[in-house]
Every structure is written in structure tokens, then in C-alpha cells.
Novice: 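This is the structure I have questions about; it appears just below.
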Amino acid sequence: MTDAGQNIESVLQEDRKFPPSSEFSAQANISSEQQYLEMWNKGKDDPAGFWGELAKENLAWFKEFDSVMDGEMPETKWFTGGKINASYQCLDRHLTGPRKNKAAIIWEGEPGDQRILTYQQLHHEVCKFANVLKKLGIETGDRVTIYMPMVPELAIAMLACARLGAVHSIVFGGFSADAIADRNHDAESKLVITADGGWRRGKEIPLKATVDEAMEKSPTVENVVVYRRTGGDVNMVPDRDYWWHDLMEDVDADCPAVELDSEHPLFILYTSGSTGKPKGVLHTTAGYMLGATMTSKWVFDLKEDDTYWCTADIGWITGHSYITYGPLSNGTTSLMYEGAPNWPDEGRFWNIVEKSQVNIFYTAPTAIRAFIKWGDQWPSQYDLSSLRLLGTVGEPINPEAWMWYHKVIGNEKCPIVDTWWQTETGGIMLSPLPGVTATKPGSCTKPLPGVVPAIVTEEGEPVTEGGGLLVMTQPWPHMLRTVYGDHDRFIETYFSKFDGKYYFAGDGARIDDDGYYWVMGRVDDVLNVSGHRLSTMEVESALVAHDNVAEAAVVGFPHELKGEGICCFVTLKSGDGSDEEKEELKQHVRKQIGAIATPDKIKIAPALPKTRSGKIMRRLLRDIAAGRDVSGDVTTLEDNTILEKLREDD
Ligand code: PRX
């Protein structure tokens with residue numbers, strides 16, 4: 001368990017409570033405890049009735065479904081018989097009313113350029129690009145990889161895929177060529193959509209060059225579409241690579257949305273697990289769209305004139321659900337920013353909030369820790385009074401970071417929604433409702449309507465005191481349907497632990513006396529680095545792929561900014577591990593996986609501490625990485641002198 005015990009200790013002392021103001025509650029989409037309880041009880045006792053009514057009211061159907069849910073978890077199918085399209089849901093249905101010329105996306109590039117696309121304009125671009133995809137031979141069901149910077153064309157590309165029923169697989173722009181190639185291969189992608197580059201801290205990130213390298217190992221990919229963002233030099237391969245702007249010249253904007261089955265795949269998004277290669281989490285159309293739509297409306301309390309900003313990258317699930325699909329389905333104005341929060345200075349985010357009068361702001365604890373470090377003088381230079389609601393996601397938020405967010409950014413008037421969820425859950429599962437829930441710093445509070453969690457022991461028995469394993473006892477429409485190409489792995493990872501009875505999230509949590517949930521972190525070998533999941537095993541595989549590495553063990557350690565840092569214990573084949581060699585290993589992992597996986601510490605180990613049966617004792621390594629005294633039992637350790645040597649290498 002990732003230092004779960006420590007976390008419990010620190011949050012146990014937390015007894016501050018912040019109820020919403022009566023003004024906020026009065027205007028909220030869900031405005032009273034009673035309303036919440038009625039919804040929650042209905043979701044628990046009559047899930048088909050609960051989700052069925054919401055689906056009829058909130059989704060645009062070409063043909064209404066025959067049944068709401070069929071089959072037991074994990075094989076539940078939702079809204080069978082229905083015909084729907086996610087791009088239609090996000091665009092077309094807003095064009096007949098007052099939202100037609102409302103801003104759908106307010107975009108700001110890192111160099112300071114700005115664009116606003118109304119719903120009408122976004123629809124126009126999406127239809128045109130869908131026709132481009134058709135011309136390139138993309139059909140319903142084909143997989144398309146998207147590797148782009150945070151520009152509106154990223155949202156356009158995903159909505160164009162959805163319009164045709166092509167399945168997008170977005171790869172975060174920080175991943176390496178090998179990571180793109182693996183994902184292309186696993187999904188058997190036919191097309192890659194990319195850009196020449198993107199801007200990050202004033203520097204050009206050369207995306208097309210990385211795609212070129214990936215293409216050497218991507219035999220299924222036939223074409224590459226390149227959006228011109230930076231104007232940097234790129235190498236265009238004839239008959240394989242096309243410029244976005246050239247292709248858009250030859251198409252019209254007439255492209256009706258394809259009428260798709262409710263369970264038609266919408267996207268694949270790869271995420272790390274504790275074993276094996278990244279898993280292609282597959283989400284389908286109707287259920288996912290219902291989840292993204294309802295949770296956005298409930299948790300972010302979206303109103304017609306709100307300007308809403310989620311600072312995530314669309315390459316992660318947060319951007320899928322809460323920059324594109326959820327907000328646009330609700331007809332919201334969604335703000336998108338291309339670059340770094342500290343460029344050209346540490347006030348950039350607050351400058352954007354002031355300039356665009358942002359009302360709702362959703363970010364990650366790792367970003368909040370960086371804001372705190374940079375100092376209050378940055379936010380204090382700007383007028384943040386437009387903000388009415390704040391959110392966090394990605395990892396447990398430290399109560400003091402929560403208090404800073406509440407005071408300095410929220411001016412003690414904005415509710416904070418600490419939202420717990422996962423790539424696999426598709427949408428927010430546990431979160432305060434901003435007009436209802438009295439928040440406690442560090443707790444994601446209560447399950448949303450339609451979500452029925454429990455905390456259980458390893459044996460699946462309810463835990464009445466202390467921590468346990470977080471599970472979901474009922475299916476929900478926006479849960480993943482499979483791991484792409486490996487249904488056995490889907491069952492094994494999420495459902496086998498409790499014989500198919502529960503969805504197992506992989507997190508530890510506890511419930512307090514008020515019924516509030518406190519998530520304590522992962523219970524498997526998954527690191528949470530800056531709010532993103534990385535498997536220790538993937539980093540280990542990358543290390544042992546280096547010629548001079550005999551064995552490696554990777555653990556997390558508490559890191560001031562990232563939440564968890566990556567510490568690698570490495571046994572070399574030769575040499576004693578000079579600083580240059582350590583740096584080379586860091587760069588090697590970075591090249592294999594991407595910048596996000598760059599190790600923070602490399603410790604050269606003459607041997608790894610193992611039990612007599614040969615298992616690496618990670619618990620000891622975690623203690624050493626964190627600079628703690630080694631706790632607990634070491635009697636099973638094969639060679640006691642190893643620990644001393646490991647501690648010496650810093
Ligand atoms: O450990 C939990 C943590 O992030 C994991 C999910 O990671 P990922 O699929 O990359 O999605 C991140 C964005 C949804 C969870 O298993 N996590 C996420 N949100 C929270 C959290 N831990 C505590 N509190 C949260 N609010």
C-alpha cells in the first residue's frame with residue numbers, strides 16, 4: 001500500500017467543515033440534502049429507472065432505447081436498441097436555439113494568441129474534418145490515434161471521429177515515440193492526427209518528428225494528418241503525410257452524424273496498470289455521454305452563462321470528460337489553454353481567469369502545490385472575483401493545500417469539489433455537490449447519485465472501522481466496457497478479486513463517522529505522479545531494456561510538487577554508477593516512456609533486498625526512498641548488509 005497508513009494519520013485530525021453558502025445552495029442544480037438523498041436512493045434501489053429517465057431527458061436520441069440496462073456487472077449493456085451520436089449530442093442539438101452563436105471553446109495559445117469558436121463554427125469545422133477523415137478512408141469502427149498539442153483542432157479531431165463512429169485513441173503529447181507506436185499497434189490504428197509541434201515554456205515541442213519515429217514501428221497506420229501550429233520544419237512523407245489545411249480546402253461542411261448503437265465504442269484511452277503493458281480502456285457512446293453530461297451538470301453546477309475552465313490536457317481522461325464531452329454536451333463555454341502555468345510568468349492562469357472572467361476552475365493538487373510554492377503575490381495581482389466554484393482531481397489533496405485554494409483562490413466564498421474518479425470510471429464518482437455538501441479538506445465526501453461504493457476487506461467483507469479497499473457494488477452507465485483486445489484482462493484486473501461481485505478500483509479508502517470518504521491512494525504498484533498513473537513495472541521494464549542494467553526495482557516516495565516521485569533502485573552489469581551513468585539511465589527512461597516518467601532518483605544497488613523466496617521487498621525500498629528508518633519486520637530479508645549499502649548511495 002502506498003504509505004496509506006501515513007495518510008490516514010494526517011487526515012484523521014481533520015475536523016474543519018465548510019458548508020455551502022445559502023446563496024450558492026439557492027441557485028444550485030442540486031440544492032438540498034433531501035434532493036440529493038432522493039436521487040441517491042433512487043439510483044441505488046432502481047438504477048434502471050434512475051438512469052433511464054436521465055437518458056431520456058438529457059441525451060438526443062435518433063431512436064430511443066428499448067431497455068436501460070441488460071446483464072449483470074461486469075457485462076452490463078446500457079440503453080440497448082438506442083441510436084445516438086456523441087458529436088451530435090455536443091454540437092448539432094445546440095444549433096437550433098440561442099446557443100448557436102455562443103462560445104463553445106475559448107482558446108488561448110501559450111504565446112498569447114487567442115481564438116473563440118462558437119457552437120456553429122465548431123460544428124462547421126467538425127463536419128469538414130469528418131469529411132476529410134472519410135476521404136482518407138476512415139470508416140465507422142476504425143481506430144484513429146490523435147497526438148496533438150492543446151489546440152482547438154484536438155477537440156475538432158475527436159468530435160469528427162465521434163461523428164463517424166471512428167474510435168479515437170488520444171496519446172498525451174508528452175509521451176515518447178515508443179509509447180505512440182505501442183498504442184498504434186495495440187489499437188491497430190489506421191491514421192495518426194498530429195501537429196508540427198506545440199508550445200511549452202516558450203519552446204517548441206516537436207510532435208511530428210516524434211510521430212515520424214513512431215511510424216517506423218506502426219505498420220497499421222496508413223496516413224498522418226499534420227496541423228500547422230508552430231510553423232517549425234517538418235518532414236512530410238509523400239502520399240503518407242498531409243497538411244490539415246490542405247485537406248480542409250477540398251471538403252464541404254455537410255456531414256450528417258452517423259446513427260450509432262448505444263454501445264458503439266467512442267474511444268480508447270491507455271492507462272497504466274500494475275502489470276503488463278498499458279491497458280486500452282474502452283468507453284462506449286450512450287453510457288459515457290450520459291455520465292459525462294450529468295456529472296458535469298451536478299458537480300460543476302453548470303449554468304448557461306458560465307465560463308468553465310478545466311486545466312487538464314485532453315490527452316488524459318479529465319480532458320476527455322471535462323473539457324470536451326461533458327461541457328459541450330451541456331452547451332457550456334469551455335476554456336482551453338495550450339501551455340505552461342508559469343509562462344511567461346507564474347501569474348498566467350490568474351491572468352486568464354481575470355481576462356475571460358472564468359467562473360468555474362478545475363485543476364489538480366500538483367498544480368495547487370506549485371501555485372503555493374510560487375507565492376501569493378501571483379494570484380493577488382489579479383481580480384479573481386468571477387470565480388464561484390473550484391475543483392480538484394487526480395490525487396488526494398493535502399488539507400493545507402485545500403485551505404490555501406479555499407482562501408487565496410476562492411476568497412473563502414467558492415465551494416471546492418474534490419472529485420474522485422478514474423480513467424475506467426469515465427466520470428466523477430465521489431464528490432461534494434457544491435450546493436449541498438459541507439466539505440472537509442482532504443475528503444472527496446460522498447458518492448454521486450447512481451454511484452454505490454463500499455469499503456471492504458481483502459475478503460470482501462464490509463469494513464466498519466479504519467481503512468479498506470474501495471469498490472463499486474453496482475454498475476453505472478459510464479464504466480469501462482473492456483480492455484481493448486483483452487477482455488480477460490478487464491475481468492482479471494477489475495472484477496476477479498471479489499468474484500465478479502464488485503468493481504475493484506485499486507484504491508484504499510476509509511469512511512468517517514459522517515459517512516464521508518477519504519481516499520488514501522493506490523494499493524497496487526501504481527505511482528501517482530502529478531495526478532497521473534504510472535506503473536512501477538513499466539519503468540522497471542524500461543530500465544532493464546538498457547544494456548547495462550541487470551535488475552531494477554521502482555518505488556514512489558513523497559514529493560513536494562508531484563505528489564509522488566519516482567525512485568529507481570538499479571543493479572548494474574558493470575561500472576559503479578557515476579553521476580553521468582545515472583543521468584543516462586534517467587534519459588533512457590524518459591525516451592522510452594516520456595517526460596512524465598523521468599526518474600527523480602536513481603540509486604545504484606549492489607543487489608536488491610529480497611526475501612528468502614526471492615521476492616523484492618518493496619516496503620523496505622519505499623522506506624529508503626523516503627529517507628525513513630526501515631520499519632517493520634526484516635527477518636525474512638536474505639542479506640541484511642544490502643540495506644546499509646542502499647542508504648549510503650544518495
Ligand atoms: O488513486 C486515485 C487517484 O487517481 C487514480 C485514477 O487515475 P487516472 O485514471 O489517471 O485518472 C485521474 C483523473 C480522474 C485513482 O485511482 N485519484 C483521482 N482523483 C482523486 C484521486 N485520489 C484521491 N482523491 C481524488 N480526488
Side-chain angles (χ1 to χ4, degrees), residues 11 14-41 43-44 291-292 294-303 306 308 310 318 321-322 326 359-365 368 387-407 409-422 425 427-453 455 470 472 476 505 507 509-520 531:
V11 293
E14 186 54 66
D15 49 16
R16 290 170 285 199
K17 234 177 165 176
F18 297 86
S21 67
S22 48
E23 299 85 65
F24 195 100
S25 297
Q27 60 80 59
N29 291 341
I30 301 180
S31 58
S32 69
E33 180 76 19
Q34 190 195 345
Q35 192 188 353
Y36 163 65
L37 284 175
E38 275 169 19
M39 291 170 78
W40 193 78
N41 284 323
K44 177 162 126 331
M294 299 322 305
T295 54
S296 300
K297 197 172 186 162
W298 295 333
V299 175
F300 300 119
D301 193 47
L302 295 175
K303 297 287 156 36
D306 276 328
Y308 160 92
C310 164
T318 306
S321 301
Y322 299 113
N359 307 106
I360 302 160
F361 180 76
Y362 188 35
T363 197
I368 297 170
L387 291 171
R388 67 179 193 89
L389 174 59
L390 303 173
T392 73
V393 60
E395 59 180 305
I397 182 165
N398 164 287
E400 291 323 308
W402 194 104
M403 288 306 297
W404 181 90
Y405 200 30
H406 169 70
K407 285 189 181 143
I409 305 304
N411 195 22
E412 303 190 23
K413 76 176 172 65
C414 301
I416 297 180
V417 288
D418 174 351
T419 63
W420 179 90
W421 58 295
Q422 307 178 293
T425 69
I428 298 167
M429 301 292 278
L430 302 173
S431 168
L433 289 169
V436 177
T437 320
T439 51
K440 299 185 190 184
S443 168
C444 58
T445 73
K446 302 256 182 153
L448 291 185
V451 173
V452 190
I455 311 261
L470 179 61
M472 300 298 145
W476 64 101
D507 281 354
R510 68 179 182 92
I511 311 185
D512 70 14
D513 292 342
D514 294 332
Y516 280 44
Y517 284 75
W518 299 79
V519 172
M520 293 149 15

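Only this structure's heavy atoms are used, side chains among them; waters, hydrogens and symmetry mates stay out.
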Novice: Between the side chains of Glu400 and Lys407, is the shortest nitrogen-to-carboxylate-oxygen separation below 4.0 Å, so that they form an ion pair?
Specialist: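 Glu400 and Lys407: not salt-bridged.
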Novice: Who are the side chain to side chain donor-acceptor pair (under 3.5 Å) partners of Trp421, not counting sequence neighbours?
Specialist: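 Trp421 satisfies side chain to side chain donor-acceptor pair (under 3.5 Å) with Tyr362 only.
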Novice: Keeping Lys413 on the side-chain end and Leu387 on the backbone end, is there a donor-acceptor pair under 3.5 Å?
Specialist: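 A pair under 3.5 Å: yes.
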Novice: If you draw a 6.0 Å radius around NZ in Lys297, do more than 12 non-hydrogen atoms from other residues or ligands fall strictly inside?
Specialist: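 Counting neighbours around NZ of Lys297, 12 or fewer heavy atoms of other residues, nucleotides or ligands fall under 6.0 Å, so no.
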Novice: Is Glu412 atom CD crowded by more than 12 heavy atoms from other residues, nucleotides or ligands, each under 6.0 Å away?
Specialist: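 Result for CD/Glu412: enclosed.
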Novice: Please name all residues satisfying ring pair (Phe, Tyr, Trp, His ring centres under 6.0 Å) with Phe18, sequence neighbours left out, ordered by chain then number.
Specialist: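 Phe18 satisfies ring pair (Phe, Tyr, Trp, His ring centres under 6.0 Å) with Trp402, His406 once adjacent residues are dropped.
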Novice: Would the distance check show the side chain of Thr363 and the main-chain N or O of Thr392 forming a donor-acceptor pair, the cut-off being under 3.5 Å?
Specialist: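 A pair under 3.5 Å: no.
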Novice: Not counting sequence neighbours, which residues clear side-chain contact (heavy atoms from CB on, under 4.5 Å) with Lys303? List them please.
Specialist: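 Lys303: side-chain contact (heavy atoms from CB on, under 4.5 Å) contacts with Gln27, Asn29, Asp301, Asp305, Asp306, Arg388.
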Novice: Sequence neighbours left out, what passes side chain to side chain donor-acceptor pair (under 3.5 Å) with Glu33? Give chain and number order.
Specialist: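 By the side chain to side chain donor-acceptor pair (under 3.5 Å) rule, Glu33 matches no residue at all.
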Novice: Any donor-acceptor pair under 3.5 Å linking the side chain of Tyr405 with the backbone of Gly391?
Specialist: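 Flag set: sc Tyr405 to bb Gly391 pair under 3.5 Å.
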Novice: Who pairs with Lys446 by side chain to side chain donor-acceptor pair (under 3.5 Å), at least two apart in sequence or on another chain?
Specialist: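 Per chain and number, Lys446 pairs via side chain to side chain donor-acceptor pair (under 3.5 Å) with no residue.
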Novice: Holding to side-chain contact (heavy atoms from CB on, under 4.5 Å), I want the full list of residues that pass it with Thr437, two or more places apart in sequence or in another chain.
Specialist: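 Pro432, Leu433, Thr445, Tyr516.
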Novice: With distance as the sole test, does Tyr517 use its side chain to make a donor-acceptor pair with the main-chain N or O of Ile455 at under 3.5 Å?
Specialist: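 Flag not set: sc Tyr517 to bb Ile455 has no pair under 3.5 Å.
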